[in-house]
Structures are given as C-alpha cells and as structure tokens.
Amino acid sequence: MTEPMHLRGIALPSEEVVEFWIQDGLLTDEPVPGATTVVDGCWLLPGLVDAHTHPGAEQPGDPLDANVLRRHGREHLAAGVTLLRVPGSADRLPSWFGTEPDQPRVLSAGRWLGLPGMFYEGWVRHVGEAEMADAAVEEALASGGWCKIYADWVVDEGGLYGPHLPADRLAEATRRVHAVGGRVAVHAQTAEGARAAVEAGVDSLEHGLGLEVDLLDRMAAQHMALVPTFTVWRTFERVARASRSARFRDWFRAAHAGLGPLVSAAHEAGVTVLAGTDSYGTPVLPHGRVSGEVRHLAAAPMPAAAAIGAASWTARSFLGFPGLEPGAPADVVAYDQDPRTDVTVLDRPVRVIHRGRLVR
Ligand SMILES: [Zn+2]
C-alpha cells in the first residue's frame, strides 16, 4: 500500500489540464478520499526513460556488482528516470533490479553478444558467427525480452575496422529472436553494420554512426528506433582526438559531425529517435543524465517536444509502457516550467513519483 496522492497540472504531450489520484501505485481519475495534493500547477510528464544505459559495473571488464547496481538505479530514479532499457551488461541482471520500490523499472538484454575481438574482454559474451542466433535467443529469454548484438566494432589498433557480423547471420538471429517474442538491439558504428541491421529488421539501432540516409524511410516503415547516444560520443571525442591513428581520428571526426544531421533527417523521415546516454556510472558517464541527451537531441536539431518525448512518452510507448492515463503505473515527473520552452528544465524536476511513491 502507498499513501493516496493527488496531482493537478498540464500533461505532456497532450497539453491538457489533468487531475489524477494515485492509489496502489496506479493513476486514476476517480477522486480518492484523504489523498494529499503533492503537485499542483506543474507540467507533468510520464516518468523519464534512458533507453541505453549500463548500470552495475563502472570499469570496462569489471564484473556486475549488486551494490553498484543498486546505487546506479537510485541515481537514475533521483533524476526522474523511472524506466531503463539496459542493452547489454556484464552479467544477466538480478530480478530485484527493476522490481524493488527504490529502483526504476528495467528492460534488460542479458549479456552483450559479439564476435571474438569485439568490445571489452570480460563484459562481452563472445560467440562465433554460427552460434550467434542461438546465443541471442538464449539472452533474450533469460532477460527482459531484449538481446544486444554487435554488428561491428571500430578499433584504434593498427586498422580501423574490427570484425563484422555477416548480414545473413544478423538476419538469422533477428528472425529467431522475433519468433520467441523477443526484440533485438544492434550496435553499429559503420555504414555496413547499420545497413545489415536495417536489412535484418532489428528493433533498434544503437549509435548508428555511418548510417546512410537512404535507409531512413525503410527504418521508419519497419518501426525501428534509432538511439544515437550523443552523450557517449561527446566524452569519446577526447579519446579519439588523442589517437595516434590519423585514420581513426578522421573516421571519428566525420562520423561525429554527421550524427546531428543524421538524427534530424531520421526524425523528419518518421524514424523513432530515442534518448540513451550509454552511461556506465563512471565520473565521465554518470547515470541520471538523460536530460543531457535531450539537450543533444534538441541541438541535432530535433523539435524540443520530440527531443523530450524521446526520453519520455515516445520511449515508453516504444518499450510498451503507457503515458499519463487512468490505469497507468504512477510514474510521473513534475516541472515548474514548460520544458519545451527550455529543455534544461528537465535537469530540475520538482517532483518524482515512482510506483505511486514520492521519490522527490
Ligand atoms: Zn552501450
């Protein structure tokens, strides 16, 4: 049982003046006797979403740590982030994460899946290309219904490109995961990787550096999301600039510069663009900063309302969660100004309500 609460304000994206009561963790439009008014006259958003975050292990290769995971979950929640999609982790996430009252809701993807040579040793489950489909089904069934596959991996060692998962293997894995009701998130940093993901019909393209614009209409028709993760590329800029490989530096400069125009074009083409930070919880990539990703999306540029939706109602809908409506889970963030007129307002929620409890 939670204390009955009452909220009144302007809901987004509808812009309607709404009044909700909260009972047993759900929103209702039926007055609840004895409810305390906790929000009045604010802007109300469905709980924020970080669609690409990796809580639980801060240094590449570190094992998943329950205490670290719990702290990271609370950091997200304090910022109004009530739903996480975790596309890959060092180990499968424990079931308490995502269900306990002081933790956000979570959709996880099991362990990262990549060919030998991809990603960080200790964090990734390396599998041969012939075993990728089996492994993807296994991770999706053992987690929150998602799996995460590396289509490519760009490395700064000698050459530029690491291994690529052949397009037909990615397509096979996608068919198999969809057949068991799962969804597929794919990491791509190259044109070839992004093309293979679109042709395979995966559910979300993570990063998407190098994605060619001729694929955007097809992505939109396939209801495939793009999660550009500007936040991580901003921090990676320093690493790339320090590289001794001119080829690597040039690749990153061009890919990074192209990301804003790509995201604008994707939004215009009707592709679902989502906010994901790629945060690990390190000092350079802390959790609970999805508001920063919204700033990057708005600067791409995307219309402010769409950039905010990418971290709220649009992401919730894509992930199968309702917005602000009777019967929906009482996950609500309130702001004292309209965040569409200034997206930095998202940094300062005046109220965070999660599972019908006042977090802030
Ligand atoms: Zn990631």
Side-chain angles (χ1 to χ4, degrees), residues 49-64 68-69 72-73 75-76 81 83-93 97 104 106-115 118-126 136 139-140 143-144 146-155 162 165 183-190 193-194 197 202-211 224-237 239-240 252 255-256 259 263 273-282 284-290 292-293 296-297 310-311 315 318-319:
V49 182
D50 191 333
H52 190 135
T53 178
H54 305 287
E58 298 189 326
Q59 293 303 322
D62 274 3
L64 193 74
V68 172
L69 188 60
H72 287 167
E75 287 167 1
H76 275 298
V81 181
L83 173 62
L84 314 180
R85 189 189 56 151
V86 180
S89 36
D91 210 339
R92 293 173 191 159
L93 298 176
F97 185 65
V106 176
L107 290 172
S108 60
R111 298 193 66 187
W112 287 283
L113 293 171
L115 298 178
M118 286 177 169
F119 205 39
Y120 303 113
E121 208 58 52
W123 268 7
V124 61
R125 176 178 167 193
H126 281 143
E139 295 300 334
S143 65
W146 282 81
C147 68
K148 165 72 174 293
I149 301 175
Y150 278 76
D152 55 28
W153 179 241
V154 175
V155 288
L165 180 65
R183 298 176 92 182
V184 182
V186 168
H187 168 113
Q189 291 170 272
T190 66
V202 308
D203 300 278
S204 70
L205 182 64
E206 311 301 314
H207 315 306
L209 296 177
L211 170 66
M224 187 174 158
L226 173 65
V227 192
T229 66
F230 283 101
T231 304
V232 73
W233 298 125
R234 173 57 63 86
T235 69
F236 192 69
E237 210 172 358
V239 177
F252 184 75
H256 193 213
L259 195 57
V263 166
V273 176
L274 300 182
T277 57
D278 213 358
S279 54
Y280 295 100
T282 59
V284 281
L285 279 169
H287 293 298
R289 301 292 173 86
V290 81
E293 183 69 17
H296 289 307
L297 293 173
F318 180 78
L319 296 171

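These values consider heavy atoms only, across backbone and side chains, with no hydrogens, waters or symmetry-generated copies. In each ligand, atom 1 is the first atom listed, and ligand 1 is the first ligand listed.
Only one option out of E293, H76, R289, R85 pairs with T53 in a side chain to side chain donor-acceptor pair (under 3.5 Å); it is H76.
Put simply, E206 stays out of reach of the Zn ion (ligand 1), with no N, O or S atom under 2.8 Å from it. The Zn ion (ligand 1) has no N, O or S atom of H187 closer than 2.8 Å. Checking H207 against the Zn ion (ligand 1), every N/O/S atom stays at or beyond the 2.8 Å cut-off.
Between H187 and H207, the angle of the ring planes goes over 60°, which puts this pair in the perpendicular group of the 30/60° scheme. The aromatic rings of F252 and F236 sit perpendicular, their planes meeting at an angle over 60°, well past the 30° parallel limit. Using bins of under 30°, 30° to 60° and over 60° for the plane-to-plane angle, the ring pair W146/F318 lands in the tilted bin.
Between W233 and H296, the ring centre distance reaches or exceeds 6.0 Å.
Distances from the Zn ion (ligand 1) to each N, O or S atom of D278 single out OD1 as the nearest.
Rounded to the nearest 10 degrees, the angle NE2 (H52) to the Zn ion (ligand 1) to NE2 (H54) equals 100°.
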